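Heads up: the structure comes next, in structure tokens.
Since this is a predicted model, take the numbers as computed values, not measurements. In what follows, chains are A, B, ... by sequence order, proteins preceding strands, each numbered from 1.
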Amino acid sequence: MALAIHRLIRQAPLDRAAVDAFLAEHAPCPIVEGPHVTFLWRGEADAVWLQHWIWGLPGAQALHRIDGTDLWYVIVDLPPGSRVEYKLEIVRDGHGEWIRDPRNPLLAADPFGANSVCHGTGYETPEWTRRDPRARPGHIESHVLDGTPLGDGRRVDVYLPARFRWTRRYPLLVVHDGHDYLRYADLKHVLDNLIDRLEVAPLIALLSHPGERLDEYPNHAGHAAFVADHLLRWAQARYPLHDDPRQRCLMGASFGGVASLSTAWRYPGRFGSLLLQSGSFAFSDIGEHRRGPTFDRVVEFVNAFREEPGRPADKVFVSCGMYESLIYENRSMVPLLQATGMEVRYVEARDGHNWQNWRDRLRDALAWLFPGPLWMVYE
Amino acid sequence: MSEPESTAPPWHGHVLLGPQRHQPTLPRVVAMLGLQGRVATITAGWQEREAEDADLQRALEGRGVNLHLHARSEAVYRDDPELFAAHRAKQDRLRDLQALYRLRLGPLIEAVKRLQSQREPAPAGEPRRQVAPELVTAELEHAITTARALDEHHVARVAAIQTAYEDEVRPHERPVVRHHAEALRELLADCPAVAIAGGHVATLLNRIQLFGLGPLLADKALIAWSAGAMVLTRRIVLFHDRVPGKSTEAEVLAPGLDLCPGIVVLPDATYRLELDLRDRMQLLAARFRPELGVTLDDGDAVVRTDTDRWRALLGAPRWLRPAGTCGVLPGSARDDDDDDAPDHAEEDPWRSPSIA
């Protein structure tokens, strides 16, 4: 069956009213018909580009103007379950402006702003990522730690689960970029819901705020000392935590994944488990890497790690989006991690390098790393 | 303050409820049954939150007497380290046994599933020859019988370990246990009814067993929900079809107190079970025959009849038909909710065929 856009193109007369009716019928955009996704923009321009973050497809795809109209379109094929972030670039007088799709209300925020989002066939935002009024909420308190090995005070937010009790001992989750996980990956709702549903054990989470993350995250001695020593000692003294590395997990995404792995590598056995999401594990087998100077210390670390991985933890959950440039590096990391004797679980998703991808993987990861008592508890 | 006099004979029935957290029905049930006098409460399944029972006390109009089994057990194990060590050793043994049972159960369930799939025509493009249906049915029935035999074997093995522990350690004869058991006996003597809350089912069962309360509950009116209902049945069945990241099969944990015969209770079943998967529900129903799998969701309540069957008291509790569909229990306010099923209005859950 012809796609909606093709039916429109064949329509006569193809006047303004016909386009108005078409857009009204097919709101919101883009139009998802099985694996075919039609992106649209309407207006006067010299050119319009779809700018997306799908590694493997050409970075910018031209929208075509339908003759006699001001409607532009491009069709992209997306496998079922895909979730894609994008912007439209509108070019006028040689100047391109990147905008969010005005006909698409779905947005994904990140520290750099927000992108429009396309949900391919079969993708649904997991309901456990949304606030559930029936779930008992945990709460978050803020602290500033002075005298850190990083030379300045560092803010740390602490998530305490619902029905927190000082007389009980809790496992610990240390989250790199915890503030971003809260803002962009709905971490509090996720923890509240999964703990309430008994899928994840009640836990305490330390949500770190980075300084210069591109400097501190790639195998930085001061950062590792802060996380594995200073922060842990502080938390252990202040909160009722299990004094057992198996009950501690260190996690992070992107450069935060590098920070997690490099910290655990420097302090083997300090954390029983790792949660590495889309880790920026760039490496070079020979010659120079081509990711720019920001990655120099990352590559230096990952090359050293690949040479001598040791056994940084007991369990590691690795996730990565298939549409990320880092998929190759993450896939390469899996057999290496397995060879260390660690228990490894690896998950891929048809998504990109973004916070909602990382959010959507949290249930599988946390339920595996901190299994809740749902098998034995019937409330 | 003395209780008001009642001319009605005391009610000694058994009522099992759905979860009480979001849609509490306990106050209504207490009123419906006209329960008089004090109500002993067992909240040991809440573990260290056992004493946080303000809502429960309100539901019982202040007539609740919390037996504090969890706190008592903590005191017992603190005061009698030898008993604690023996208990831990027994629990370790039970955990090991459960793992071995699981090891054996997995392949049996897998075989049942594969046989069930053989009943269906092969998907297009799959080079599978259709096997004669009667061959598949016979093997399927035998496979389910084998799984049931393993379930029964496991219950017997768990019971044997518990019996051996009690014969060897004699927990009920140890002074600190006797002290608490005596106090509990006195408290219970004053309470014609007992309410047992949900929570951690193994903790709850262990605490009741530690103080030998099973026989003392036998002549009481019992109202229980979720894990509390599970421990009152003959076999405690653990289940959850939606465990993230893994496939799970229902398993027997232990023999229960067998005070509520004839059913396997499935609390919060709509959330926990894939009730629409007929093959899966057929297996669940068949494994636990002759007991009837009964769902207890929010708002549901069932009551035991004079003939040791169960009727709906509130809501629309369902039972698992041998065919893997759900029927509503007699007495329910709701008609049969399975649009695909034939008319089951006159259906007797206790007289249905064993395996479809």
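- Under the 4.0 Å criterion applied to side-chain N and carboxylate O atoms, B/Glu48 and A/Arg163 are not assigned as salt-bridge partners.
- Chain A forms the most heavy-atom pairs under 4.5 Å with one residue out of B/Leu238, B/Val201, B/Leu253, and that residue is B/Leu238.
- To the nearest 0.5 Å, atom OH of residue A/Tyr378 and atom CG of residue B/Leu204 are 12.5 Å apart.
- Ranked by heavy-atom pairs shorter than 4.5 Å toward chain A, the options B/Ala197, B/Pro19, B/Gly18, B/Gly199 are led by B/Gly199.
- For B/Phe239, the parts lying under 4.5 angstrom from a heavy atom of chain A are both the backbone and the side chain.
- The number of heavy-atom neighbours closer than 6.0 Å to CZ of A/Arg331, taken from other residues, nucleotides and ligands shown, is above 12.
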* Asked: Please walk me through it: do B/His240 and A/Met376 pass side chain to side chain contact (heavy atoms under 4.5 Å, CB included)?
  -> CA-CA 10 Å; B/His240 203 308; A/Met376 296 298 276; over 6 Å; no
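- Here B/Ala227 is the residue among B/Ala229, B/Gly198, B/Ala227 with the most heavy-atom pairs under 4.5 Å with chain A.
- Under the 4.0 Å criterion applied to side-chain N and carboxylate O atoms, A/Asp364 and B/Lys246 are not assigned as salt-bridge partners.
- Interatomic distance, A/Glu379 CD to B/Asp268 CG, rounded to the nearest 0.5 Å: 9.0 Å.
- Considering only heavy atoms from C-beta on, A/Leu374 comes within 4.5 Å of B/Val243 through its side chain.
- In this structure, chain A has a heavy atom under 4.5 Å from the backbone of B/Gln20, while its side chain stays farther away.
- Residue A/Arg270 places its CZ atom among more than 12 non-hydrogen atoms of other residues, nucleotides or ligands, all under 6.0 Å distant.
- Contact tally against chain B (heavy-atom pairs below 4.5 Å) for A/Thr167, A/Val200, A/Val377: the top residue is A/Val377.
- By the 6.0 Å contact criterion, OH on A/Tyr328 is open, its count of non-hydrogen atoms from other residues, nucleotides or ligands being 12 or less.
- The ring pair (Phe, Tyr, Trp, His ring centres under 6.0 Å) pairs that include a residue from residues 356-375 of chain A are A/His353-A/Trp358, A/Trp355-A/Trp358, where partners are two or more places apart or lie in different chains.
- Annotation: A/Glu141, atom CD; neighbour count of heavy atoms from other residues, nucleotides and ligands within 6.0 Å is above 12.
- For B/Arg88, the CZ atom is loosely surrounded, since the number of other residues' heavy atoms within 6.0 Å does not exceed 12.
- Within a 6.0 Å sphere centred on CZ of A/Arg183, other residues, nucleotides and ligands contribute 12 heavy atoms or fewer.
- Closest approach of B/Gly245 to A/Arg345, counting heavy atoms only: O-NH1, 3.7 Å.
- By number of non-hydrogen pairs under 4.5 angstrom with chain B, the leading residue of A/Leu198, A/Asp196, A/Val347 is A/Asp196.
- With a 6.0 Å radius and a threshold of 12 heavy atoms from other residues, nucleotides or ligands, B/Arg157 has its CZ atom at or below the threshold.
- Residues A/Arg363 and B/Pro244 come closest through the heavy atom pair NE-CG, 3.7 Å.
- Interface remark: B/Arg49 contributes backbone and side-chain atoms alike to the contact with chain A (heavy atom separation under 4.5 Å).
- The neighbour count for A/Arg168 CZ, taken as heavy atoms of other residues, nucleotides or ligands under 6.0 Å away, is above 12.
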